[in-house]
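Each chain gets a letter, A, B and so on, in the order its sequence line appears, and its residues count up from 1.
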Protein chains: 2
Amino acid sequence: MRRTREDIRQRLLDSALVEFGAKGFDGASTRSIAQRVDAHQPQINYHFDSKEALWAAAVDHLFGRLGEELADLPRPDGTDDPARLAATFAEAVRRFVRFAAAHPELNRIMVHEATEDSDRLRWMVERHVRPMYDAIRDVWQRLRDAGIAAPIDPAMVHYVIVGAASLPFVNAPEARLLTGAEPTDLAWVEAHADGLVATLLPGLPDPSLKVER
Amino acid sequence: MRRTREDIRQRLLDSALVEFGAKGFDGASTRSIAQRVDAHQPQINYHFDSKEALWAAAVDHLFGRLGEELADLPRPDGTDDPARLAATFAEAVRRFVRFAAAHPELNRIMVHEATEDSDRLRWMVERHVRPMYDAIRDVWQRLRDAGIAAPIDPAMVHYVIVGAASLPFVNAPEARLLTGAEPTDLAWVEAHADGLVATLLPGLPDPSLKVER
DNA sequence: GTCTATAATTAGATAGAC
DNA sequence: GTCTATCTAATTATAGAC
């Protein structure tokens with residue numbers, strides 16, 4: 001297998017996500033990140049400028065993947081009827097749950113960074129999180145007005161959704177010990193998504209309705 | 001102000017919680033922990049045996065405080081009627097939300113440790129988390145049977161509650177940037193608790209009913 | 001581009017004076 | 001018990017041969 005420039009960069013990015021997710025920025029070492037893909041530590045400074053630049057590139061990479069997962073959902077606009085808006089929102093929640101299960105690094109890194117104010121946090125919030133936060137808040141307000149959504153303030157619901165959706169996967173090693181089950185199993189993930197959607201949207205007209213792709 | 005033996009131990013424990021919560025076990029430095037309370041780094045090895053022992057003592061300390069907050073709630077037993085059980089459960093959730101707001105270190109440390117299997121994680125799960133997990137699962141099953149609880153599997157509801165309840169406080173620095181509000185303000189905390197209880201227990205007979213103390 | 005060697009810094013732990 | 005000094009190990013980053 002050839003190790004082209006892009007190949008090694010991709011491998012380093014994926015390795016960085018795992019290490020930064022598991023240990024945080026300070027706890028992760030560039031040696032471990034390199035070793036995990038059979039590279040040497042100085043290659044990180046060669047392919048990326050610094051540990052910080054590697055972190056930023058890895059975060060961009062991962063939020064990019066999340067964006068791809070949600071890209072083909074219809075954009076909510078003012079003309080949607082509430083039932084259709086709710087179905088689209090439900091589908092977005094399901095996809096977010098699946099993404100959180102497949103890529104726990106995203107929310108692990110979020111939590112690691114969000115516990116202390118820093119330049120990295122501000123960069124990540126403005127670049128990646130705020131667009132999601134704003135979109136969720138606005139749609140939720142309309143679903144509340146339509147009587148479909150649970151009684152949670154639109155300013156807070158982002159944290160309820162993200163927290164409830166991702167914690168079993170963020171804390172997957174703990175969940176394995178605690179439940180004896182494998183939280184990333186397909187059936188477990190879908191059950192979690194179903195429960196979350198039904199709880200968040202008790203007024204969903206037809207829970208089985210799936211949006212068109 | 002005197003600095004007795006117990007005094008300095010308490011200060012070091014509190015400082016350790018903040019640092020371990022913010023940076024994780026690897027990222028936190030014993031020097032910073034000591035400096036935060038105007039002590040010197042070797043005092044940690046004097047008053048505690050090691051960084052690891054300090055961590056364990058700090059975790060015990062914090063879970064002990066959570067236990068105190070919940071201690072006077074009536075133990076659920078098989079004879080409780082569902083409405084009373086639900087009222088007690090709702091009160092426990094409210095107190096957990098308040099505790100998470102006042103002591104975000106608890107859930108920060110949980111998340112830092114739970115993202116990777118380790119001796120520290122196993123110790124913490126068996127000693128502190130499993131009793132809570134078991135209690136929540138059993139009560140939730142009964143509330144589901146009574147038609148009071150939202151449609152979430154009893155094996156998963158622990159993560160829904162903990163994740164949704166604590167993330168705004170775990171990620172408080174992010175929430176401040178994102179919402180412009182202070183998530184630890186009393187009104188914000190109570191609104192979050194109210195929304196969570198109403199969402200988790202849509203069949204609660206009387207949401208305003210408070211349990212006796 | 002890769003790899004060895006190493007510089008510069010910082011970590012946790014310990015010894016010993018007081 | 002506290003504090004200075006220091007040990008060993010591990011960190012990120014860089015220099016230079018290939």
Quiz item: At what distance, to the nearest 0.5 angstrom, does CD of A:Glu190 lie from CZ of A:Arg98?
Solution: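 Going from CD on A:Glu190 over to CZ on A:Arg98, the span is 4.5 Å.
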
Looking at the side chain of [X], which of [options] is the nearest nucleotide?
X	options	value
A:Lys51	C:dA13, C:dC3, D:dA13	D:dA13
A:Asn45	D:dG1, C:dG12, D:dA13	D:dA13
A:His47	C:dT2, D:dT11, D:dT2	C:dT2

Quiz item: Do A:Arg65 and A:Glu69 have side chains that get closer than 4.5 Å, going by heavy atoms?
Solution: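 They are not in contact (no side-chain heavy atoms under 4.5 Å apart), so the answer is no.
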
Exercise. Would you confirm whether B:Lys23, through its side chain, and A:Glu116, through its main-chain N or O, come within 3.5 Å as a donor-acceptor pair?
Key: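 No, the answer is negative, given that no donor and acceptor are paired below the 3.5 Å cut-off.
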
Practice problem: Without swapping roles, check the side chain of B:His192 against the backbone of A:Val160 for a donor-acceptor pair under 3.5 Å. | Solution: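 Side chain of B:His192 to backbone of A:Val160, a donor-acceptor pair under 3.5 Å: no, none is there.
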
Rounded to the Å, how far apart are [X] [atom1] and [N] [atom2]?
X	N	atom1	atom2	value
A:Asp38	C:dT2	CG	C1'	14 Å
B:Phe48	C:dA13	CZ	P	13 Å
A:Leu12	C:dC3	CG	P	12 Å
B:Gln43	C:dT14	CD	C1'	15 Å
A:Tyr46	C:dT4	OH	C1'	17 Å
A:Gln35	C:dC3	CD	C1'	14 Å
A:Glu52	D:dT11	CD	C1'	16 Å
A:Lys23	D:dA10	NZ	P	13 Å

Which donor-acceptor pairs under 3.5 Å do side chains of residues 182-189 of chain A form with protein atoms, sequence neighbours excluded?
residue  : atom : partner  : partner atom : Å
A:Glu182 : OE1  : A:Arg176 : NE           : 2.7
A:Glu182 : OE2  : A:Arg176 : NE           : 3.4
A:Glu182 : OE2  : A:Arg176 : NH2          : 3.3
A:Glu182 : OE2  : A:Thr184 : N            : 3.2
A:Glu182 : OE2  : A:Thr184 : OG1          : 2.6

Quiz item: Base, sugar-phosphate, or nothing: which does B:Ala34 touch, judged by heavy atoms less than 4.0 Å apart?
Solution: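 No contact at all - B:Ala34 keeps every heavy atom at 4.0 Å or more from the nucleic acid.
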
Quiz item: Have B:Arg108 and B:His112 got a donor and an acceptor in their side chains that come within less than 3.5 Å?
Solution: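 B:Arg108 vs B:His112: no donor-acceptor pair found between side chains.
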
Atom pairs under 3.5 Å, N or O on each side, protein against nucleotides 4-8 of chain D: can you list them with distances?
residue : atom : partner : partner atom : Å
D:dT4   : OP2  : B:His40 : NE2          : 3.2

Quiz item: Can you tell me if CZ on A:Arg122 sees more than 12 non-hydrogen neighbours from other groups inside 6.0 Å?
Solution: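 12 or below, so no.
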
